[in-house]
*Asks:* 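Structure incoming, see below.
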2 protein chains.
Amino acid sequence: MQQSILKNMACASCPIKHRAVCSRCDADELALLESIKTYKSFSANDQILWRGEELHYVASVVEGVATLGKSLEDGRTQMVGLLLPSDFIGHPGRTHIEFDVVAASDVTLCCFEREPFRKLINDVPHLAQRMVEIALDELDAARDWMVLLGRKTAGEKIATFIEMVTRRQHLDRADGQQTDLVLPLLRSEIANYLGLTLETVSRQLTILKSESVLEFVDKRHFRILDMARLHDATGDDADGGILA
Amino acid sequence: MQQSILKNMACASCPIKHRAVCSRCDADELALLESIKTYKSFSANDQILWRGEELHYVASVVEGVATLGKSLEDGRTQMVGLLLPSDFIGHPGRTHIEFDVVAASDVTLCCFEREPFRKLINDVPHLAQRMVEIALDELDAARDWMVLLGRKTAGEKIATFIEMVTRRQHLDRADGQQTDLVLPLLRSEIANYLGLTLETVSRQLTILKSESVLEFVDKRHFRILDMARLHDATGDDADGGILA
DNA sequence: CGTGGTATTGATCCCGATCAATCAGGGTGG
DNA sequence: CCACCCTGATTGATCGGGATCAATACCACG
């Protein structure tokens, strides 16, 4: 794991301060958090945490994309979460991590020592409140993904994934400007996320291209040509995704 | 929905007081909770909440089994949670529920008015702490289930389900006494939980019987004959389930 | 150029879905 | 008591979507 520790950035200039676990905290509370925080950065494909490893830190993703996965005895793997900026990693009350965490791109984390962080949750209501929200939001997202994994066809899975990527990238840029969208994952990683094989992912993307729902400028960059037909292909009902 | 409101039971004699959302609260804090709590009971097959419905209450399951599910436009459904005594229902910060909640047996809920409960989370650290734990535990469980839905074979899914039912029923009886175990769900509901059809569930159970891994005394009651072979059939590695 | 990692496309296979028939148990009413 | 039906479970026959195995294309490196 090639990990480097950065000089601490001030919370005031943090790019995720509005959505991260600390977003409700006032200046005094932030000061408490700053005393137990460290930035760590990882290169693409670094393993950030191994399943079963002792957990000294919990963290927020500041920049980059990481994946949360689990594997069966014989090597089959399933991704169970895609960690984007402001997402939270770890379980303050657990001494060991249950999942593998891997950097899908270069990643910067804001890490808090686990044990002091656990105590802060008890003492700082603003932290506990936000933590509850984050955990419950993640839980709803995980449950939506269970519907996808258990019941959707390959075509619906891909359409749902593309729609999700599109939505999250639109949220990020406040100006709503239309630029090319980027797939944050390789075909094999998308397959892993969707419970498919990479061949099936490739075939389904080809179908969406041939139906002029989207087009690729290269392997990783694409544009949506027909948002309505994309949504129809997800299998969700009209307002299902928007409420989520 | 045939729902009846019971006279309030005292928290002191509550069967789930050690694991429910209130388990960390002291007497004063319980008094606050009691002022916003009501018991409601439902008969088997009652719909407790409809997806999209306005959410006036959050609740703990006191007795019985409920299911949490979601369905796609064309009627396919996927169960995304099995709610057993002490499990929590609802999202204090959301005005609407995302899922269908159905009573799988006769069910008693301990309901808290949502808005006052949300405020209590901010004021009562013991409540927020426990809420964080419950949400994160549920999240881990949901992620384990994603592995099952995405990657396990039908045989592994059934074995995992049986193992889970067995474990949870052993936890309940502290004496560890060996009596017949009971399937909390119909074949069709098991199928819905596992992302299978009821025919496949039936066939896989027949296989486990023919291999003398378990035996049925009637359609709902069974005994494990070979716990080790059952676990081997789950596809999990040796200690995966025990840590969880 | 060649080489290694990634993606596409093709051919075939198999697990689980689907369609369908039968069975088992348990009320209910004659 | 039996005939009837109703719901849930089992078992059988067939089908098809996606996995698997395999070949080829692409492209950024040296």
Side-chain angles (χ1 to χ4, degrees), chain A residues 43-45 67 72 74-78 102 104-105 147-162 182-211 214-222 233 235, chain B residues 43-45 67 72 74-78 102 104-105 147-162 182-211 214-222 233 235:
Chain A
S43 306
N45 302 317
T67 66
L72 299 175
D74 62 3
R76 280 170 288 170
T77 63
Q78 175 65 51
V102 179
S105 69
V147 178
L148 176 142
L149 291 172
R151 295 298 180 196
K152 286 193 175 182
T153 65
E156 290 168 338
K157 287 178 175 181
I158 294 287
T160 305
F161 176 74
I162 296 288
V182 53
L183 284 181
L185 302 175
L186 303 177
R187 301 291 186 273
S188 59
E189 293 168 325
I190 297 172
N192 188 359
Y193 198 19
L194 298 174
L196 296 171
T197 59
L198 67 93
E199 293 95 327
T200 300
V201 170
S202 181
R203 282 185 239 273
Q204 294 296 333
L205 286 175
T206 303
I207 291 174
L208 287 177
K209 277 187 290 191
S210 75
E211 292 175 338
L214 49 75
E215 64 181 359
F216 276 83
V217 312
D218 63 31
K219 305 288 180 198
R220 297 286 287 252
H221 296 81
F222 67 101
Chain B
S43 306
N45 302 317
T67 67
L72 299 175
D74 61 3
R76 280 171 288 170
T77 63
Q78 174 65 52
V102 180
S105 69
V147 178
L148 175 144
L149 291 172
R151 294 300 180 196
K152 287 193 176 182
T153 64
E156 290 168 338
K157 287 178 176 182
I158 294 288
T160 305
F161 176 74
I162 296 289
V182 54
L183 283 182
L185 302 175
L186 302 177
R187 301 293 186 271
S188 58
E189 294 169 323
I190 297 172
N192 187 0
Y193 197 20
L194 298 174
L196 296 170
T197 59
L198 67 93
E199 294 95 328
T200 299
V201 170
S202 182
R203 283 184 237 276
Q204 294 296 333
L205 286 175
T206 302
I207 291 174
L208 287 178
K209 277 187 290 191
S210 75
E211 293 175 337
L214 49 74
E215 64 180 1
F216 276 83
V217 312
D218 64 32
K219 304 289 181 198
R220 296 287 286 252
H221 298 268
F222 67 101

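We name chains A, B, ... by the order of the sequence lines, and we start the count at 1 in each one.
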*Asks:* Can you tell me how far C1' of dT8(C) sits from CZ of F216(A), to the nearest Å?
*Replies:*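 Nearest whole value for this atom pair: 12 Å.
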
*Asks:* Take atom CG of N192(B) and atom C1' of dG8(D), then tell me their distance rounded to the nearest Å.
*Replies:*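 Spelled out: CG on N192(B) to C1' on dG8(D) is 16 Å.
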
*Asks:* Between the main-chain N or O of K209(A) and the side-chain N or O of E215(A), is there a donor-acceptor pair closer than 3.5 Å?
*Replies:*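 Between the backbone of K209(A) and the side chain of E215(A) there is no qualifying donor-acceptor contact (under 3.5 Å).
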
*Asks:* From CG of L198(A) over to P of dT9(C), roughly how many Å is that when rounded to an integer?
*Replies:*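 It works out to 13 Å between those atoms.
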
*Asks:* Got F216(B) and L205(B) here, is their nearest side-chain heavy-atom distance under 4.5 Å?
*Replies:*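 Yes. Closest side-chain heavy atoms under 4.5 Å.
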
*Asks:* Under 4.0 Å between a Lys/Arg side-chain N and an Asp/Glu carboxylate O for R220(A) and D218(A)?
*Replies:*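 No, this pair does not count.
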
*Asks:* Within the distance-only criterion (no hydrogens, no angle test), does the side chain of T160(B) pair as donor or acceptor with the backbone N or O of E156(B) below 3.5 angstrom?
*Replies:*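 Checking the backbone N and O of E156(B) against the side chain of T160(B), a donor-acceptor pair under 3.5 Å is found.
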
*Asks:* Can you measure I207(B) atom CD1 to dG16(C) atom P for me and round it to whole angstrom units?
*Replies:*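 My rounded result for the distance is 9 Å.
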
*Asks:* Do any side-chain nitrogens or oxygens of T197(B) fall under 4.0 Å of OP1 or OP2 in dG16(C)?
*Replies:*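 No, T197(B) has no side-chain N/O under 4.0 Å of OP1/OP2 on dG16(C).
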
*Asks:* Within the structure provided, determine whether I162(B) and L183(B) are in side-chain contact (heavy-atom separation under 4.5 Å).
*Replies:*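 Heavy-atom side-chain distance check passes, below 4.5 Å.
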
*Asks:* Between the base of dG10(C) and the side chain of R203(A), is there a donor-acceptor distance below 3.5 Å?
*Replies:*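 Side chain to base: pair found, below 3.5 Å.
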
*Asks:* Whether S202(A) contacts dT8(C) is assessed here as follows: a side-chain N or O lying under 4.0 Å from the phosphate OP1 or OP2. Is that the case?
*Replies:*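 Answer yes for this pair, as a side-chain N or O of S202(A) is under 4.0 Å from OP1 or OP2.
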
*Asks:* So, does T206(B) get its side chain near the phosphate of dT10(D), meaning an N or O under 4.0 Å from OP1 or OP2?
*Replies:*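 No, T206(B) has no side-chain N/O under 4.0 Å of OP1/OP2 on dT10(D).
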
*Asks:* Using a cut-off of 4.0 Å on non-hydrogen atoms, how would the nucleic acid contact of L196(B) be classed: base, sugar-phosphate, or nothing?
*Replies:*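 Sugar-phosphate, no base atom in range.
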
*Asks:* Under 4.0 angstrom, heavy atoms only, what part of the nucleic acid is K157(B) near: base, sugar-phosphate, or nothing?
*Replies:*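 Contact class for K157(B): none.
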
*Asks:* Where the side chain of L186(B) is defined as all heavy atoms beyond and including C-beta, which of dA9(D), dA19(D), dA7(C) is the nearest nucleotide?
*Replies:*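 In terms of side-chain proximity for L186(B), the closest of dA9(D), dA19(D), dA7(C) is dA9(D).
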
*Asks:* Could you check how far CG of D218(A) sits from C1' of dT6(C), rounded to whole Å?
*Replies:*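 It works out to 13 Å between those atoms.
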
*Asks:* Of K219(B) and G155(A), whose nearest nucleotide on DNA chain D comes first from the 5' end?
*Replies:*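 Nearest-nucleotide comparison on DNA chain D picks K219(B).
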
*Asks:* Determine whether a donor-acceptor pair (one donor, one acceptor, N or O, separation below 3.5 Å) exists between the side chain of R187(A) and the base of dT9(C).
*Replies:*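 No.
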
*Asks:* Check the distance between dC23(C)'s P and E199(B)'s CD and give it to me in whole angstrom.
*Replies:*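 Atom-to-atom, E199(B) to dC23(C), this comes out as 17 Å.
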
